[in-house]
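Single-structure report; data block below.
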Number of protein chains: 2
Amino acid sequence: MNGRSAKRLARLQETLSGGGTIHLSEAAKLCGVSEMTIRRDVAASNGAMTFLGGRLVMADNPLFAPVYDLDEQQGSHYLAKHRLCKGAASFIAEGDTLFIDCGTTLMPLLGMLGDFQSITVVTYALNVANAVSGLPNVRLVLLGGLYHDVSQTFADDAMGDAIRRLGINRAFLSAAGVHAERGVSCFHFHEVAPKQAAIASAAQRLLVVDESKLGAIRPAYFARLSDFDVVITENDAKLASAEGEPGPRIVAA
Amino acid sequence: MNGRSAKRLARLQETLSGGGTIHLSEAAKLCGVSEMTIRRDVAASNGAMTFLGGRLVMADNPLFAPVYDLDEQQGSHYLAKHRLCKGAASFIAEGDTLFIDCGTTLMPLLGMLGDFQSITVVTYALNVANAVSGLPNVRLVLLGGLYHDVSQTFADDAMGDAIRRLGINRAFLSAAGVHAERGVSCFHFHEVAPKQAAIASAAQRLLVVDESKLGAIRPAYFARLSDFDVVITENDAKLASAEGEPGPRIVAA
DNA sequence: CAATAAATGTTAGAAAAATCACATTGCATG
DNA sequence: CATGCAATGTGATTTTTCTAACATTTATTG
């Protein structure tokens, strides 16, 4: 990559910084070079930008990441999350205020909210906010703060208070580890405070986890299993160890 | 559009609710129909989804929108904003904490932040947050609250206090109307509080407006012109009426 | 200022995607 | 159960995008 090429690339990057696409032909006109040169620039950009059907997009734009690939085993993994969320959605009632946790597990749930007339979603995750912002029937409350790239979430000292001030009917939580004795945990410590505040203030607490999380222990502990009213997972047998004891209702989806 | 078609469409919409794309062939496999049927479904979806180079994307996602079209006069409009932001960027110093206002005017500025080592961006706009979240050298603080679709911003009673607690070096404000006597205004009342808080607490206040806004008066007044230290616009002559009086420095870009 | 290398432009051909026309299937109705 | 209609599938055609090869221009260096 040479100097002028880098300059063009920077120009295009600025143009696309707010999201969106430009057609190859327009990018070429904008930079005053041929389409082939733009192609070569992009090829040399080391993955910062890519083409999608003749249009130029920032590669890190979450909108353009392929979500689904039948050839990979990831496909069935997605299907599992879809099933889990189908089960989770059956708990939602018209007019609910929902807390939606971060991660990818609960993303399919958001698409299912279109079936309701009036729902309010409370979240501290950017990807969740983006998905919900497009739904006309869903009110969105985003809990702001300092952005953490690793989890696409915001964190703030005052977030716990902010959550407690909201009237949350149902809190849908995700986790990276669920252990019968060692409780429920995630990877990042900055997620603990909002999760605990949601658990503390919601009328109903639902944990949605796929099978791969069962038995795992992750660095950031945030709740006991018995703190939840419902656990939605694929294999209810794996969690049915403490029969009879007071604990969450285990639902297989 | 018939019942089964709507069902397939809903299925695909759920799949893409979290952003991302699927290839036509995978969408077809997922729904158990031919690629042609998916094409027909999408064509009948009334613009909810579109194809981008053989891949299916949600069209209503704020991150997706062709930003640039040379054939429209919008193109030159974009170029103007780019020039304005180039001028605005020259005020930024290494290590600054910047308040970035909502709207599209300041979007090109965000791409220019890649030149710095360490910048903090404070905003209450979702589109700004999305653009900044991809920049590795920029810390992002998003001011949360209830989401307003019309301006892609969040609003909250406590936002003013949150802004005043932050140490903002430079506040970059946009506006929909700038009038010598009637001051600076925007369309939406929920934007007034954060704008005023930013003006009140920032060390330097910069107004960035293209020529089309000069002379206009909009419903929501939020500041006098003299509240700003710098006004960056295309035509400095139009604002130079009150020479000699105490007022902002007018910069043509 | 020639010689060389790098960058860019032009064209042709291959691959992929979009469109179209028509065949086939499945469903509802008399 | 035959009939008609809507939905879907299939293959041919057109258009667009991608790639590669070679020509031309621009910069660099001794």
Side-chain angles (χ1 to χ4, degrees), chain A residues 1-16 19-61 63-72 75, chain B residues 1-16 19-61 63-72 75:
Chain A
M1 178 164 44
N2 77 81
R4 248 166 307 180
S5 169
K7 217 165 184 175
R8 283 192 300 268
L9 230 31
R11 176 88 185 269
L12 293 172
Q13 233 155 306
E14 283 169 20
T15 305
L16 296 180
T21 68
I22 24 173
H23 194 99
L24 175 58
S25 61
E26 284 161 0
K29 279 192 235 166
L30 181 65
C31 297
V33 293
S34 73
E35 299 188 2
M36 197 60 224
T37 299
I38 299 290
R39 279 188 190 280
R40 281 192 267 246
D41 288 347
V42 170
S45 80
N46 218 266
M49 291 179 162
T50 42
F51 278 103
L52 217 61
R55 259 164 268 252
L56 198 51
V57 302
M58 294 296 294
D60 65 356
N61 189 326
L63 179 56
F64 298 110
V67 283
Y68 194 88
D69 205 335
L70 270 186
D71 301 333
E72 324 278 325
Chain B
M1 179 161 44
N2 77 80
R4 249 167 305 180
S5 169
K7 217 166 184 178
R8 284 192 300 268
L9 232 31
R11 177 86 186 270
L12 294 171
Q13 231 155 310
E14 280 170 22
T15 305
L16 296 180
T21 67
I22 26 173
H23 194 99
L24 177 57
S25 62
E26 283 161 359
K29 278 192 238 167
L30 182 64
C31 296
V33 294
S34 72
E35 300 189 0
M36 194 63 222
T37 299
I38 300 289
R39 279 188 192 281
R40 283 192 265 246
D41 288 346
V42 170
S45 81
N46 217 267
M49 292 179 160
T50 42
F51 278 104
L52 214 59
R55 260 164 270 252
L56 198 51
V57 304
M58 295 295 296
D60 66 349
N61 196 303
L63 294 178
F64 168 82
V67 281
Y68 194 88
D69 203 337
L70 268 186
D71 301 334
E72 324 278 324

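Proteins come first, then strands; the chains are lettered A, B, ... in the order of their sequence lines, and each starts at number 1.
Nearest heavy-atom pair across B:Ala28 and B:Ser34 is CB-C, 3.9 Å.
Between B:Thr37 and D:dA7 there is no side-chain N or O to OP1 or OP2 distance below 4.0 Å. Between C:dG9 and A:Ser34, a contact under 4.0 Å exists linking OP1 or OP2 to a side-chain N or O.
The line from CD of A:Glu35 to NE2 of A:His23 is 6.5 Å long, rounded to the nearest 0.5 Å. Here CD1 of B:Ile38 is found 9.0 Å from CE of B:Met49. Values are rounded to the nearest 0.5 Å. One distance of note links OG of B:Ser25 with CG of B:Leu30; it measures 11.0 Å at 0.5 Å rounding.
Atom P of nucleotide D:dT8 and atom NZ of B:Lys7 are separated by 13 Å, given to the nearest angstrom. Rounding to whole angstrom units, CD of residue B:Glu26 and P of C:dA17 are separated by 11 Å.
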task: Using a 4.0 Å heavy-atom cut-off, write out nucleotides 17-24 of chain D from 5' to 3' as B (base contacted by protein), S (sugar-phosphate only) or - (no contact).
output: SBBB----
- request: Just do the side chain to side chain contact (heavy atoms under 4.5 Å, CB included) check on A:Arg40 and A:Met36 with the steps written out, would you?
  value: CA-CA 6 Å; A:Arg40 281 192 267 246; A:Met36 197 60 224; 3.5 Å; yes
- prompt: Yes or no on side chain to side chain contact (heavy atoms under 4.5 Å, CB included) for A:Leu12 and A:Asp41, after CA distance, side-chain angles and deciding distance?
  reply: CA-CA 10 Å; A:Leu12 293 172; A:Asp41 288 347; 5.8 Å; no
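Judged as a side-chain hydrogen bond (donor to acceptor under 3.5 Å, both in side chains), and not counting sequence neighbours, A:Thr50 has no contacts.
A side chain to side chain contact (heavy atoms under 4.5 Å, CB included) with A:Leu56 is found for one member of A:Leu24, A:Val42, A:Thr21 and no other, namely A:Val42.
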Protein-nucleic acid N or O pairs under 3.5 Å, nucleotides 25-27 of chain C:
none

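In this structure, the helix from C:dC1-D:dG30 to C:dG30-D:dC1 shows an angle of 30° between the axis at its start and the axis at its end, each fitted on 5 base pairs and rounded to 10°.
The shortest distance between side-chain heavy atoms of B:Val57 and B:Leu16 does not fall below 4.5 Å.
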